[in-house]
A.B. asks: 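Pasting in a structure now, in structure tokens, and then I'll have a few things to ask.
The analysis underlying the following values was restricted to heavy atoms, covering all of them including side chains, and did not include hydrogens, waters or symmetry mates.
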2 protein chains.
Amino acid sequence: MQALAATAPTAHQSAGELAILDAAVRLFSVHGYDGVSMRRIAEEAGVSKANIYHHFASKQALYFAIMRRSAEELTALLENLAEGKGSFEQRLQVFASAHLDHLFDNQARVRLVLREAFSGDEEKSRAVVEQMVGGLVNRLIAIFEAGQRAGLLRDDLDPGLCAHLLMGADLFYFQAHGLLQQIPEAGFARQPDRYSKQMIDVLLHGMLAQPAEGRVK
Amino acid sequence: MQALAATAPTAHQSAGELAILDAAVRLFSVHGYDGVSMRRIAEEAGVSKANIYHHFASKQALYFAIMRRSAEELTALLENLAEGKGSFEQRLQVFASAHLDHLFDNQARVRLVLREAFSGDEEKSRAVVEQMVGGLVNRLIAIFEAGQRAGLLRDDLDPGLCAHLLMGADLFYFQAHGLLQQIPEAGFARQPDRYSKQMIDVLLHGMLAQPAEGRVK
DNA sequence: AATAAAACTGACCGTACGGTCGGTCAGTTA
DNA sequence: TAACTGACCGACCGTACGGTCAGTTTTATT
């Protein structure tokens, strides 16, 4: 399969088309592209299979439409994520917390994009970077670089690696959330807020040149 | 689909059967269960499709056999991972580094298991925890708990959360490796050793009660 | 050399797949 | 009211799917 491509803006959509998109997002995010049939989508959307082909040229075209829409939505949400005010520490704290909320509030689309991003297909990874996370990552790196220039971040750390650790801590928690439920010792799996606080506390404590004293209670 | 079940020990295997298993591991790890046909597996293995059914009762049975074998292999490798000697810090450093090496040395099987673990299916997650990562996670948590009792680990941190952050840092790096190649600023994507060192340095620095002075050069 | 078990194959089966087609129908527009 | 359009459907097409089976070749044992 090809990677998703940038396409024309969204036109107005009929109720049926919206139902199709909604069902397809849900199904693709859980079962993947090959695990979902057009019949199943039509059934879940309450329309005929032929109707899907009236709105979308092919199964791939439907999938691309969903990826494009997801990319737009997630990009819009991510847009303001790195623009927080306040101190270096506060900005990172707010980012981590908001990022985690954002992931859980958009589970289906996030799963869809993660699947594409981590598929191992170079073309897909590039598309995800260019159209979605690239800008966010660069801005987050810029924050760390600025912090490093200001002497707030340890000067022996790679800012890109710091950004990776911060985003990764959120993303991995999101991914592993279901699995953590199966581990009795992982009580933090049921408290995303508490996780975010302790996680960012550990990272900042480990990254900052002069770690803050305010610790988690 | 059901979760993988514990089954009988491995018998001796013909060359054909090994070729089938090898091809199936490669294909399933890249394209997922639904993305691989029995014809394709037979083709890549250089045998007839019917021959697969001589060795395995069904596609699911083949998949389960692979998952069981992967679970055995990975468990064996993971077995000694948390048994290092030396100080608290040294043990964690060695663990993180060996864990990362282990992931990259067993890419296909790890991808296979991660797909199952993060599928969102409760039954699959439980199987992965019970048969594979459960023991390792508990031992890693025990290390952190011991470190906390000894006053080496900050007393305001959840040992389970610390274990999660450590394993997650490795696993997420492994997952995102392909994507990181698309980000010019992520030079650390090409230096797993350097990543492991800085990563563990940040985490230990953030977790330890009295952080070590020996930093990455 | 005889033989039985295991490994292996080509041809085939029923089904579900992605996709197409002719056509119905409600709602503009002229 | 006639022409036209977009939304929608049932029936159908060729293909690839998972799986079966009768029969052949290979291998190990006696």
A.B. asks: Quick check on C:dG18: is either OP1 or OP2 less than 4.0 Å from any side-chain nitrogen or oxygen of A:Ser58?
C.D. replies: no

A.B. asks: Both A:Arg39 and A:Gly46 contact DNA chain D. Taking the nearest nucleotide for each, which residue is further toward the 5' end?
C.D. replies: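 Closer to the 5' end of DNA chain D: A:Gly46.
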
A.B. asks: Looking only at atom types and distance, does a side-chain atom of A:Lys59 sit under 3.5 Å from a main-chain N or O of A:Tyr33, one as donor and one as acceptor?
C.D. replies: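 Checking the backbone N and O of A:Tyr33 against the side chain of A:Lys59, a donor-acceptor pair under 3.5 Å is found.
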
A.B. asks: Could you say whether A:Ala50 or A:Val36 is positioned toward the 5' end of DNA chain C, judged by the nucleotide with the nearest heavy atom to each?
C.D. replies: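 The answer here is A:Val36.
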
A.B. asks: Whole-Å distance between C:dG19 P and A:Lys59 NZ?
C.D. replies: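 A:Lys59 atom NZ is separated from C:dG19 atom P by 8 Å.
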
A.B. asks: Identify the heavy atoms of A:Phe56 and A:Ala65 that sit nearest to each other, and give their distance.
C.D. replies: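 Scanning both residues, the minimum pair turns out to be CE2-CB, 3.9 Å.
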
A.B. asks: Measuring from A:Met199:CE to B:Leu161:CG, what's the distance to the nearest 0.5 Å?
C.D. replies: 9.0 Å

A.B. asks: What is the distance from OH of B:Tyr63 to C1' of D:dG18, rounded to the nearest Å?
C.D. replies: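 Atom OH in B:Tyr63 sits about 17 Å away from atom C1' in D:dG18.
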
A.B. asks: Starting at CG of B:Leu21 and ending at P of C:dA7, how long is that distance when rounded to a whole Å?
C.D. replies: 13 Å

A.B. asks: Would you say C:dT9 has OP1 or OP2 under 4.0 Å from some side-chain N or O of B:Asn51?
C.D. replies: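 Looking at the OP1 and OP2 atoms of C:dT9, one of them is under 4.0 Å from a side-chain N or O of B:Asn51.
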
A.B. asks: B:Ser37 side chain N/O closer than 4.0 Å to the phosphate oxygens (OP1, OP2) of D:dC17?
C.D. replies: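 For D:dC17, OP1 or OP2 has a side-chain N or O of B:Ser37 closer than 4.0 Å.
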
A.B. asks: Any chance CD of A:Glu122 has more than 12 other-residue heavy atoms, nucleotides or ligands included, within less than 6.0 Å?
C.D. replies: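 Count not over threshold, so no.
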
A.B. asks: Could you give the OH-to-C1' distance, from A:Tyr33 to C:dG18, as a whole number of Å?
C.D. replies: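 A:Tyr33 atom OH is separated from C:dG18 atom C1' by 9 Å.
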
A.B. asks: Remember a base hit wins even if backbone is also touched, and classify B:Ser48 as base, sugar-phosphate or nothing at under 4.0 Å, heavy atoms.
C.D. replies: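 Base, at least one base heavy atom under 4.0 Å.
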
A.B. asks: Starting at atom CD of B:Glu17, determine the distance to atom P of C:dC8, rounded to an integer number of angstrom.
C.D. replies: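 Result: 9 Å.
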
A.B. asks: Hey, is A:Lys197 close enough to A:Asp201 for a salt bridge, meaning N to O under 4.0 Å?
C.D. replies: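 No, no charged N to carboxylate O under 4.0 Å.
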
A.B. asks: A:Ile52 CD1 to D:dC8 P: how many Å, rounded?
C.D. replies: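 That distance rounds to 11 Å.
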
A.B. asks: Less than 4.0 angstrom between a side-chain N/O of B:Tyr53 and OP1 or OP2 of D:dT20, yes or no?
C.D. replies: no

A.B. asks: Grab the NE2-C1' distance between A:His31 and C:dA16 for me, whole Å please.
C.D. replies: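 One finds 17 Å between C1' of C:dA16 and NE2 of A:His31, rounded.
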
A.B. asks: I need the CZ-C1' distance between B:Phe56 and D:dT20, as an integer number of Å.
C.D. replies: 18 Å

A.B. asks: Is the distance from OP1 or OP2 of C:dT9 to the nearest side-chain N or O of B:His54 less than 4.0 Å?
C.D. replies: no

